[in-house]
**Student:** 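Encoded as structure tokens, here's the structure I'll be asking about.
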Amino acid sequence: MEYKKGQILILGAELETHEKKGGSSHSLCFFPSLKSIKDFAGAMKNHIKNIHSCSYMCRLEAQQLIDIVDFYGGMFIPAHVFTPYKSFYGNCCDSLLEIFDDKSFEKIPAVELGLSADSMMAGQLRELDGKAFISNSDAHSLSKMGREYNIFEMEDPNYEEILKAFKGIDGRRIKANYGLDPKLGKYHRTYCLVCDSIIKGDAPILKCPVSDKHRVVVGVKDRLMIIRDRQKPLLDNRPPYFYQVPLEFLPKVGPKTIDKLINFFGSEMKVLHQATYDELIKVVKEDIARNIILSREGKLSIEAGGGGIYGKIEV
């Protein structure tokens, strides 16, 4: 659907499923037409208590959901697939083939990496070699939109072309992924809920050193080291993954400064990836301009996030 001459919306839904053996996960379900998603919504009324007030939680297993999505002509993509809460690898399985039958697994065109993982990390799982990696914002507020995104090479911005890009068909492709350095993600490293702190040390860390009884949130990096089946990621034919540090993460950069920068340069992406140092100091102080350039070059020191707390730029 087109909104205001040029803004193309792909129709879809994010839904939560629950496995009989335990664990919950979120999945993205996209559809090619208004009719197909309306028909899908009509079917989902049988599996969602109140679809008008709480549309994401359904009383289904993931295999059942993908069957329904497929029936109505949609595509199914596991969302933020490594995060410890509400994801397949995070709390449901060591392999997607434990959840989906072979036929359904083959129909999954892509997986969403989430804020705490990147292509290099996901590339350590052999079963994902045939899947595209997408980096999306999972934005719960307007300011978070665009912190992760994909560049597509295709002829038109529509459902069919995006599906071709996922599959690398007819010259269509994902040209680049942009996202947070995984260390800035909220679940990159293991966190002890009792000690209320990230557990320091080399991954994988699966328990608190203070007490085995302490409940921990296992980090994405730590979890991946347990389930991976190769140490060196396979990145052949993968698009480049560019790290970006949103302005709100940078020291001394508040809402007013962000507004000034965006008003001057036109977008946050131009500030992060294109503005020169000389251009930046026309708007902000030298130390802020320097940090923007250093973030672009990957030279800022980062304290890793975990347990629902974002990582921090170390001054």
Side-chain angles (χ1 to χ4, degrees), residues 22-26 78-95 111-125 128 133-140 144 147-148 177-233 235 241-246 248-251 291 294-295 297-315:
S24 304
S25 55
H26 285 186
H80 40 76
V81 71
F82 299 109
T83 52
Y85 297 116
K86 312 300 184 186
S87 83
F88 288 108
Y89 291 121
N91 68 35
C92 291
C93 64
D94 292 347
S95 165
V111 297
E112 185 187 63
L113 299 175
L115 303 181
S116 297
D118 58 16
S119 299
M120 284 62 76
M121 295 170 68
Q124 295 176 99
L125 290 176
L128 297 182
F133 294 159
I134 56 175
S135 45
N136 295 339
S137 285
D138 191 18
H140 289 249
K144 301 292 189 289
R147 63 184 172 180
E148 300 218 347
N177 295 101
Y178 284 79
L180 296 184
D181 185 307
K183 292 190 289 293
L184 287 172
K186 294 195 290 186
Y187 298 104
H188 187 64
R189 292 305 312 272
T190 297
Y191 188 93
C192 178
L193 295 169
V194 178
C195 298
D196 195 23
S197 64
I198 293 170
I199 302 170
K200 305 292 184 181
D202 295 333
I205 293 175
L206 306 178
K207 59 185 180 180
C208 177
V210 176
S211 172
D212 289 352
K213 296 180 180 179
H214 285 187
R215 189 171 164 222
V216 300
V217 179
V218 177
V220 169
K221 180 178 181 179
D222 304 85
R223 173 70 175 145
L224 254 170
M225 289 187 72
I226 297 299
I227 64 174
R228 69 185 183 182
D229 49 13
R230 61 181 169 222
Q231 292 189 11
K232 187 177 180 180
L235 299 174
Y241 193 106
F242 297 102
Y243 295 139
Q244 62 180 18
V245 179
E248 66 178 4
F249 279 90
L250 295 175
N291 280 338
L294 289 173
S295 73
E297 297 171 348
K299 294 179 180 178
L300 289 177
S301 180
I302 300 174
E303 180 183 338
I309 299 171
Y310 288 108
K312 295 180 180 179
I313 302 299
E314 295 180 325
V315 180

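As the structure is a computational prediction, the values presented were derived from the model and not from experiment.
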**Student:** What's the separation between atom CG in Leu115 and atom CZ in Arg147, rounded to the nearest 0.5 Å?
**Tutor:** 4.5 Å
**Student:** List the atom of Leu224, the atom of Ala122, and the distance in Å for their closest heavy-atom pair.
**Tutor:** CD1-N, 4.5 Å
**Student:** So, Glu303 and Arg189, do they make that salt bridge, N to O below 4.0 Å?
**Tutor:** no
**Student:** Under the 3.5 angstrom rule, does the side chain of Thr190 hit a backbone N or O of Gly219 as a donor-acceptor pair?
**Tutor:** yes
**Student:** For the backbone of Val245 and the side chain of Asp181, can you confirm whether one donor and one acceptor N or O come within less than 3.5 Å of each other?
**Tutor:** no
**Student:** Which atom pair, heavy atoms only, marks the closest approach of His214 to Cys208?
**Tutor:** ND1-SG, 3.5 Å
**Student:** Let me confirm one number: the CG-OG1 distance from Leu113 to Thr83, rounded to the nearest 0.5 Å.
**Tutor:** 11.0 Å
**Student:** Would you indicate whether the side-chain heavy atoms of Asn177 and Asp118 approach each other to under 4.5 Å?
**Tutor:** no
**Student:** For salt bridge (Lys or Arg N to Asp or Glu O under 4.0 Å), just list the numbers for Arg223 and Asp94, CA-CA rounded to whole Å, side-chain angles, deciding distance to a tenth of an Å, and then say yes or no.
**Tutor:** CA-CA 9 Å; Arg223 173 70 175 145; Asp94 292 347; 2.7 Å; yes
**Student:** Got a sec: does the CD of Glu297 have more than 12 other heavy atoms crowding it under 6.0 Å?
**Tutor:** yes
**Student:** Within the structure provided, determine whether Val217 and Leu193 are in side-chain contact (heavy-atom separation under 4.5 Å).
**Tutor:** yes
**Student:** Please give me the minimum heavy-atom distance between Glu112 and Asn136, naming the atom from each residue.
**Tutor:** OE2-CB, 3.1 Å
**Student:** Minimum heavy-atom separation for Gly306 and Tyr191, please, with both atom names.
**Tutor:** O-CD1, 3.5 Å
**Student:** So, taking the atom named CD1 in Ile313 and the one named NZ in Lys183, what distance separates them when rounded to the nearest 0.5 Å?
**Tutor:** 9.5 Å
**Student:** I need the Met121 CE to Met225 CE distance, nearest 0.5 Å.
**Tutor:** 10.0 Å
**Student:** Show your reasoning for whether side-chain contact (heavy atoms from CB on, under 4.5 Å) applies to Asn91 and Val218.
**Tutor:** CA-CA 10 Å; Asn91 68 35; Val218 177; over 6 Å; no
**Student:** Go through the steps to decide whether Leu125 and Tyr89 satisfy the test side-chain contact (heavy atoms from CB on, under 4.5 Å), and finish with yes or no.
**Tutor:** CA-CA 11 Å; Leu125 290 176; Tyr89 291 121; 3.8 Å; yes
**Student:** How about Ile199 and Val210: do any of their side-chain heavy atoms sit closer than 4.5 Å?
**Tutor:** no
**Student:** Rounded to the nearest 0.5 Å, what's the gap from CD1 on Ile198 to SG on Cys192? Could you check?
**Tutor:** 11.5 Å
**Student:** Considering non-hydrogen atoms only, spot the tightest contact between Cys92 and Gly23 and give its length.
**Tutor:** SG-C, 3.4 Å
**Student:** When you measure from the side chain of Ser137 to the backbone of Glu148, do you find a donor-acceptor pair of N or O atoms at a distance under 3.5 Å?
**Tutor:** yes
**Student:** Step through it carefully: locate the ring centre of Tyr187, locate the ring centre of Phe82, and say whether they are under 6.0 Å apart.
**Tutor:** no
**Student:** Could you go step by step and tell me if Phe88 and Val111 meet the side-chain contact (heavy atoms from CB on, under 4.5 Å) rule?
**Tutor:** CA-CA 10 Å; Phe88 288 108; Val111 297; over 6 Å; no
**Student:** For the CG atom on Asp202, are there more than 12 heavy atoms of other groups (residues, nucleotides or ligands in this structure) within a distance under 6.0 Å?
**Tutor:** no
**Student:** When you compare the side chain of Pro182 with that of Val220, does any pair of heavy atoms fall below 4.5 Å?
**Tutor:** no
**Student:** For a 4.5 angstrom cut-off between non-hydrogen side-chain atoms, does Leu180 reach Tyr243?
**Tutor:** no
**Student:** If you measure from CG on Asp138 to NE2 on His26, what distance do you get to the nearest 0.5 Å?
**Tutor:** 8.5 Å
**Student:** Determine whether a donor-acceptor pair (N or O, by modelled atom type, separation under 3.5 Å) exists between the side chain of Gln124 and the backbone of Pro233.
**Tutor:** no
**Student:** Specify the closest pair of heavy atoms between Tyr310 and Leu184, including all atoms of both residues, with the distance to one decimal.
**Tutor:** CD2-O, 3.4 Å
